[in-house]
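Following: one structure in structure tokens, then a few remarks.
Numbering of residues begins at 1 and proceeds along the displayed sequence. For the numbers below, each heavy atom of this structure counts, side chains included, while hydrogens, waters and symmetry mates do not.
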Amino acid sequence: MKLWQKNIFLIILVVIIAAIPLVFIRGEYGGSDDQAQSVIAEIDKDYKPWAHALFEPPSGEIASLLFALQASIGAGIIGFGFGRLSAKYKAGDKN
């Protein structure tokens, strides 16, 4: 199997893995911040947060977009680091 065929296969596999939960699992998706806030409100009704966000996105969709952007940049940095280490390791094997 050629490299481009492997890449196409992996892309299709990733799309299938991402689509299956969205199609077959019904429910409400929410963030851990909202869940933690509701639990804290149940425990202590007079609780007041001691810290506030520096920036409040205008909508939940923009917050999700910024979170996904942050995650993708982090994944890119980690992937770049692993790629550099792998290339360095392979170059060390040739010498």
Side-chain angles (χ1 to χ4, degrees):
M1 186 181 269
K2 295 180 181 177
L3 181 61
W4 67 271
Q5 290 172 328
K6 288 180 185 176
N7 288 339
I8 296 292
F9 174 74
L10 288 174
I11 290 171
I12 291 170
L13 188 63
V14 166
V15 169
I16 290 171
I17 289 172
I20 286 174
L22 294 175
V23 172
F24 294 109
I25 298 175
R26 300 283 178 223
E28 194 170 307
Y29 296 98
S32 61
D33 293 343
D34 295 336
Q35 292 176 353
Q37 199 171 29
S38 66
V39 170
I40 290 171
E42 287 177 15
I43 295 172
D44 185 7
K45 303 219 185 289
D46 297 329
Y47 177 77
K48 292 183 181 177
W50 55 271
H52 299 283
L54 297 175
F55 171 70
E56 287 285 336
S59 69
E61 290 82 12
I62 293 176
S64 296
L65 171 72
L66 292 174
F67 183 77
L69 181 65
Q70 175 187 0
S72 63
I73 289 172
I77 290 171
I78 291 172
F80 179 76
F82 278 122
R84 294 279 297 182
L85 286 175
S86 176
K88 191 175 184 180
Y89 179 74
K90 286 180 183 175
D93 285 345
K94 292 180 182 175
N95 294 333

Rounded to the nearest 0.5 Å, how far does OG of Ser72 lie from CD1 of Ile77?
9.5 Å
So, for His52 and Pro49, which heavy atoms are closest and what is the spacing to 0.1 Å?
NE2-O, 4.0 Å
Can you give me the closest heavy-atom contact between Ile62 and Pro58, atom names plus distance?
CD1-CG, 3.6 Å
Here the pair of heavy atoms bringing Lys2 nearest to Gln5 is N-OE1, 3.0 Å
Is it the case that one hydrophobic cluster holds both Ile12 and Ile20, taking links as side-chain heavy atoms less than 4.5 Å apart, direct or via other members?
yes
Apply side chain to side chain contact (heavy atoms under 4.5 Å, CB included) to residues Leu85 and Tyr89 and explain how you reach the verdict.
CA-CA 6 Å; Leu85 286 175; Tyr89 179 74; over 6 Å; no
Expected output: side-chain Ser86 to main-chain Phe82 donor-acceptor under 3.5 Å:
no
Interatomic distance, Ile73 atom CD1 to Gln70 atom CD [nearest 0.5 angstrom]:
8.0 Å
Determine whether Phe24 and Ile16 fall in the same hydrophobic cluster, where Ile, Leu, Val, Met, Phe, Trp and Tyr are linked whenever their side-chain heavy atoms lie under 4.5 Å apart.
yes
Would you find more than 12 non-hydrogen atoms of other residues, nucleotides or ligands less than 6.0 Å from Phe80 atom CZ?
no
